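Worksheet for the structure shown next.
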Amino acid sequence: MAIYRLKLFTSESGHEKKDRNYCIDNNIMAIGWPINGVADINTYRKQAKNHKDYSNNENLSGGLKVSLNAIENIKKGDLVWTQIDGLDYRLGQVVGDCEIIDDIGPSRKCVWKEIKFDYIPGDIISRFVGRGYVLCKVHCSEDLEEYCRQLYENKEKDIHINSIKNLLHYDDLEDLAGLYLQEEKKYYIIPSTNKQGAKLIEYEMRDKYGNKACIQCKIGNSSVEVDKICNKFADYKIFICVLDERQKNNYTDKKRNIEEITFDELFKWARKHKKILPQRIQNYLSLLSD
């Protein structure tokens, strides 16, 4: 079994929204790029190569080529995630062969189920951020694959996981770190500083003596821009929290007043303070095997 991510007619224009609703209501997954009157996938490929909007020098455009290969290669039984809006996600299981539908394009029969937002893995949520191919395979751990399978089979009560790392979204890590710093380190978060666009930090904080602090969280493998943070927040205590094991213990620097909060530390704290955590994280903790 494999996991895929599909951006299903994401525009809110009337036409695309209508197509998305049609797919969900009729248990269909599709990639768009329609060519009406085409009977099969081989004919579609030939005509798409000559289509002025879909090809470049008789080769399929990059986006169409990747998504078309993906929808052909998906196997029956594979799972597909799609997002309807900010909190509405669907998980589908492929049950049919590739076919062409007028106005919809290449498609497969795919039985959709709505999944409660608090159970959706953060790794999946992150896949819908920014640009990217319409349809692509999600390279994930066996644990996450099994988690998605059990979600689809409506076995929330039977799910057991070995780690919550793959389930955490960026916002989850930010929430965990903020609650930890408030309860454990006695800092107060300044909410308005969390609303700045393209910022180097998540938010600023103060303790009861007026000492300044800030924090940066990273869930992926990109490194923290330590020098830029130090230059802009020279008189601040700087906390850094990363999820990627490869970056662990890379940031603590007493000379520059930088302290790394390890995920192990956060995790141990979270298990002792479950009642004050967001519901999503509470759900994940309750799924742990031990």
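Just so it is clear, the structure is predicted and the values come from calculations on it, not from any experiment.
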(request) Evaluate the side-chain contact (heavy atoms from CB on, under 4.5 Å) criterion for residues Y187 and I215: first the C-alpha distance (whole Å), next the side-chain angles of each, then the deciding distance (0.1 Å), finally the verdict. (result) CA-CA 11 Å; Y187 280 99; I215 184 169; over 6 Å; no
(message) I want to check something: taking the side chain as every heavy atom from C-beta on, are I281 and L167 in contact at a cut-off of under 4.5 Å?
(response) no
(request) Start with the C-alpha gap between V226 and I240, add the side-chain angles, then the distance that decides, and say whether side-chain contact (heavy atoms from CB on, under 4.5 Å) holds. (result) CA-CA 9 Å; V226 176; I240 294 176; 4.1 Å; yes
(request) Find the distance between CD (E265) and SG (C241) and round it off to the nearest 0.5 Å. (result) 9.0 Å
(message) A quick test of your reading: do over 12 heavy atoms of other residues, nucleotides or ligands sit less than 6.0 Å from NZ of K65?
(response) no
(request) Taking the side chain as every heavy atom from C-beta outward, state whether Y284 and Y147 have any pair of such atoms under 4.5 Å apart. (result) yes
(request) Tell me whether I115 is reachable from V129 by hopping between hydrophobic residues (I, L, V, M, F, W, Y) whose side-chain heavy atoms are closer than 4.5 Å. (result) no
(request) Quickly, which of D172, D175, D118 forms a side chain to side chain donor-acceptor pair (under 3.5 Å) with R280? Name it, please. (result) D172
(request) Grab the two heavy atoms, one from P106 and one from I100, that are nearest each other, plus how far apart they are. (result) CA-CD1, 3.8 Å
(request) Find out whether W269 and L277 are in side-chain contact, i.e. whether some heavy atom of one side chain is under 4.5 Å from a heavy atom of the other. (result) yes
(request) Might you point out which heavy atoms bring L135 and I71 nearest each other, and give the distance in Å? (result) CD2-N, 3.5 Å
(message) Regarding D264 and K268, does a basic nitrogen lie under 4.0 Å from an acidic carboxylate oxygen?
(response) no
(message) Distance alone, cut at 3.5 Å: any donor-acceptor contact between the side chains of Q83 and Y89?
(response) yes
(request) Hey, could you give me the CD1/CE distance between I24 and M29, rounded to the nearest 0.5 Å? (result) 10.5 Å
(message) Test side-chain contact (heavy atoms from CB on, under 4.5 Å) on L60 and R45; report intermediate values, then the result.
(response) CA-CA 8 Å; L60 296 180; R45 275 188 176 273; 3.7 Å; yes
(request) Drop me the distance from M205's CE to Y188's OH, to the nearest 0.5 angstrom. (result) 13.0 Å
(request) Could you walk me through whether D123 and L144 pass the side-chain contact (heavy atoms from CB on, under 4.5 Å) test, one step at a time? (result) CA-CA 9 Å; D123 187 34; L144 186 54; 3.5 Å; yes
(message) Do I190 and L200 land in one hydrophobic cluster if side-chain heavy atoms of ILVMFWY residues count as linked below 4.5 Å?
(response) no
(message) Can you confirm whether more than 12 heavy atoms, excluding those of E142, are under 6.0 Å from its CD atom?
(response) no
(request) Answer yes when R256 and D227 have at least one side-chain N-carboxylate O distance shorter than 4.0 Å, and no when they do not. (result) yes
(request) Using a 4.5 Å cut-off on heavy atoms from C-beta on, say whether the side chain of I229 contacts that of I258. (result) no
(message) Are the side chains of H273 and L179 in contact, using a 4.5 Å heavy-atom criterion?
(response) no
(request) Mark yes or no for whether Y251, through its side chain, and V242, through its backbone, hold a donor-acceptor pair below 3.5 Å. (result) no
(request) Taking E202 for its side chain and C217 for its backbone only, find out whether a donor-acceptor pair lies under 3.5 Å. (result) yes
(message) In this structure, would L173 and L288 fall into the same cluster of hydrophobic residues linked by side-chain contacts under 4.5 Å?
(response) yes
(request) Taking all heavy atoms of A213 and all of F239, pick out the closest pair and write down the distance. (result) CB-CE1, 4.1 Å
(request) Would you kindly confirm whether L87 and W81 end up in one hydrophobic cluster when ILVMFWY residues are joined by side chain heavy atoms under 4.5 Å apart? (result) yes
(request) Give the cluster check for V66 versus F128: same hydrophobic cluster or not, with ILVMFWY residues linked at side-chain heavy-atom distances below 4.5 Å. (result) no
(request) Give a yes or no on whether the backbone of K75 and the side-chain of R108 come within a donor-acceptor separation of less than 3.5 Å. (result) no
(message) Is any side-chain heavy atom of K237 closer than 4.5 Å to one of E259?
(response) yes
(message) So for atom NZ, which belongs to K46, do other residues, nucleotides or ligands contribute more than 12 heavy atoms lying within a distance under 6.0 Å?
(response) no
(message) Looking at A30, is its backbone amide N or carbonyl O close enough to the side chain of S107 to form a donor-acceptor pair, meaning the two atoms are under 3.5 Å apart?
(response) no
(message) Less than 4.0 angstrom from a charged side-chain N to a carboxylate O is my criterion; do E183 and K272 meet it?
(response) no
(message) Looking at every non-hydrogen atom in both residues, tell me the closest pair between Y152 and K113 and how far apart they are.
(response) O-NZ, 3.1 Å
(message) Once rounded to the nearest 0.5 Å, what's the spacing between atom CD of E16 and atom CG of L8?
(response) 9.0 Å
(message) Please tell me whether Y236 and E204 have a donor and an acceptor in their side chains that are separated by less than 3.5 angstrom.
(response) yes
(message) Looking at every heavy atom in both L243 and K165, which two are closest together, and how far apart are they?
(response) O-NZ, 3.4 Å
(message) Could you tell me if the side chain of D97 sits less than 4.5 Å from the side chain of I41, heavy atoms only?
(response) no
(message) I need the N69 CG to C136 SG distance, nearest 0.5 Å.
(response) 13.0 Å
(request) Taking the six-membered ring for Trp and the full ring for Phe, Tyr or His, determine whether the centres of Y22 and F9 are under 6.0 Å apart. (result) no
(message) Treating D207 as the side-chain partner and Y209 as the backbone partner, does any N or O pair qualify as donor plus acceptor under 3.5 Å?
(response) yes
(message) Looking at N36, is its backbone amide N or carbonyl O close enough to the side chain of D103 to form a donor-acceptor pair, meaning the two atoms are under 3.5 Å apart?
(response) no
(request) Kindly give the heavy-atom pair with the smallest separation between G77 and Q93, and that separation in Å. (result) O-NE2, 3.3 Å
(request) Would you check if L6 and V134 make a side-chain contact, meaning some heavy-atom pair closer than 4.5 Å? (result) yes
(request) Measure the spacing between CG of N257 and OG1 of T252 and express it to the nearest 0.5 Å. (result) 11.0 Å
